[in-house]
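As the structure lists them, so they are numbered: ligands from 1, and atoms in each ligand from 1.
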Amino acid sequence: MFNTIDDLEPGQRLLVRFDLNAPVEDGTVQDNRRFARHAETLRELLEAGHAVAVLAHQGRPGRDTFVSLEQHAEILADHLDRDVDFVADTFGEDALAAIDGLEGGEVLVLENARMCDEELPEEEPEVKADTEFVQTLATEFDAYVNDAYSAAHRSHASLVGFPRVMDAYAGRVMEQEYTANSSIQEREFDGTVTMALGGTKAEDLIPVIEGVDDTVDRFCLGGIVGELFLRAAGHDVGYDVEGTDFFDEQWDDQRETIERILEEYEDSLHLANDLAYEGEDDERAEVDVEGLEKETSYLDVGSDTAETYADLVCESEAVFVKGALGVFEDERFADGTVSVLEAIAETDCFSVVGGGDTSRAIEMYGLDEDDFGHVSIAGGAYVRALTGEPLVAVEVLEDAAE
Ligand code: 3PG
Ligand code: MG
């Protein structure tokens, strides 16, 4: 196990890694659940009198979402209702001068770690620990705190380098997410365990099915992935029509795997029997999958399917959700995703809802987070926890504690 911020000496100078990676629309960073959760860790550290420099990333070079963290500092300031300084530099002279001026109880956000060349290439922690990035910042602080559970599957400098060269602790989000997500692996259930699987990437979800098949008894499929499985089951859906490009490439790449999984897991896979689309007058319309010929894109599972999935949830002792069953951001197509979430909220099953985006449906549709066992802000790291794959940034924290 790792040390946590409960083990910190008082009044420390801390380098704190958050995961503030967020959607960016037309250059504007969108507030999400990650800010609220990390703001709580930050509040606790500042109230304890520590001086905090925040290290985080946004997007990847070459993408539209690759922007400065200046707006992230403002969003954090809103959550904390206090000033949060920002410096447009990560470990150069300007950053070091700003860090130098930090007093106890103050916070400074450093520039996007991915703007530094040494951050991204996936390399061993020892290699990352040796970078100028890590070596320079390490000497400025008493300790390193990693709160970025949702990025803990990445072997990047800011995530795995520091615990090799300085005292390292897990922040509150790291601690809570790690405990909740890894307990899934160790937990045993007497009753039925159901998993709702959706989203857009088949490649990500197939290893989940194979990885959790000891624990999960049945899978309810939806989203793009669900449609690809319907295609494998012989229905005339799951390919690109005008305006979509989600299907054909994935089908070419994943067809054999999808067909194999469908055969192997035949008894535990539930596929939609009806689908929803945008009909004339922009209303939600529905169609049965039997005998269907695809002419349009389907944006949700149909209401019959949504009801069946909700019933399956209600009979379960535990339910996991990964990925949305439809385009829930549009109210007309939220039925599948929200029916499953509502069924979880109404029954007292053990539940975990994962994926930064899927968890957004909880607040969008007025559900109460307290009705869920755990709502994870992680996507990739959550999937790895479900399948029992280790997280490299957690491993280095554990090594540091020894
Ligand atoms: C995420 O948002 O999933 C994490 O911050 C990791 O980001 P990445 O997928 O770009 O590495
Ligand atoms: Mg991601």
Side-chain angles (χ1 to χ4, degrees), residues 16-25 28-39 41-42 54-69 71-73 75-76 90 109-125 128 133 145-162 170-174 176-178 180-181 198-205 207-208 321-324 352-361 374-387 389-397:
V16 181
R17 179 60 159 95
F18 286 157
D19 183 2
L20 303 174
N21 199 26
V24 179
E25 284 168 23
T28 306
V29 175
Q30 308 293 307
D31 192 358
N32 68 5
R33 191 173 283 267
R34 289 179 176 172
F35 287 92
R37 300 274 301 270
H38 286 302
T41 304
L42 186 52
V54 172
L55 193 53
H57 73 273
Q58 172 62 53
R60 281 176 180 251
R63 300 202 187 149
D64 291 350
T65 52
F66 185 57
V67 299
S68 162
L69 296 189
Q71 296 177 64
H72 301 66
I75 299 173
L76 274 180
T90 313
V109 174
L110 303 173
E111 185 57 290
N112 190 348
R114 291 186 177 177
M115 292 182 177
C116 308
D117 294 341
E118 292 168 325
E119 169 69 357
L120 273 176
E122 295 259 353
E123 290 162 320
E124 293 296 311
K128 291 307 192 190
F133 178 179
V145 174
N146 191 350
D147 210 25
Y149 175 82
S150 47
H153 52 308
R154 306 284 186 222
S155 197
H156 297 160
S158 64
L159 292 156
V160 301
F162 295 101
R172 287 288 173 240
V173 176
M174 173 66 85
Q176 286 159 3
E177 288 268 351
Y178 179 75
N181 292 333
T200 51
K201 281 192 229 150
E203 185 192 1
D204 285 356
L205 292 189
V208 178
V321 178
K322 167 66 190 153
V352 186
V353 178
D357 290 336
T358 315
S359 60
R360 247 177 83 202
H374 175 60
V375 177
S376 179
I377 51 170
Y382 166 66
V383 165
R384 281 168 181 75
L386 288 181
T387 58
E389 238 183 275
L391 298 168
V392 62
V394 171
E395 287 181 318
V396 291
L397 281 184

Are any of the N/O atoms on [X], whether in the backbone or the side chain, positioned under 3.5 angstrom from an N/O atom of ligand 1?
X	value
His153	no
His57	yes
Arg60	yes

Please work out whether any backbone atom (N, CA, C, O) or any side-chain heavy atom from C-beta onward of [X] is under 4.0 Å from ligand 1, and answer side chain, backbone, both or neither.
X	result
Arg34	side chain
Gln58	neither
Ser150	backbone

Tell me whether the count of non-hydrogen atoms from other residues, nucleotides or ligands lying under 6.0 Å of CD in Glu124 goes above 12.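 Result for CD/Glu124: open.
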
Take every heavy atom of Glu122, measure it against each atom of ligand 1, and state whether any distance is under 4.0 Å.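 False for this residue.
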
With sequence neighbours left out, write down each residue that passes side chain to side chain contact (heavy atoms under 4.5 Å, CB included) with Arg114, or none if nothing qualifies.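 Per chain and number, Arg114 pairs via side chain to side chain contact (heavy atoms under 4.5 Å, CB included) with His57, Arg60, Phe66, Asn112, Glu119, Leu120, His156.
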
Suppose we screen for side chain to side chain contact (heavy atoms under 4.5 Å, CB included). Which residues come up paired with Pro207, at least two apart in sequence or across chains?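 Counting only residues at least two positions away or on another chain, Pro207 forms no side chain to side chain contact (heavy atoms under 4.5 Å, CB included).
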
Given Gln58, which of His72, Arg63, Glu111 fulfils the side chain to side chain donor-acceptor pair (under 3.5 Å) condition?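 Only one of His72, Arg63, Glu111 forms a side chain to side chain donor-acceptor pair (under 3.5 Å) with Gln58, namely His72.
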
Leu42 side, atom CG; Phe18 side, atom CZ - distance, nearest 0.5 Å: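 Output value for this atom pair is 4.5 Å.
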
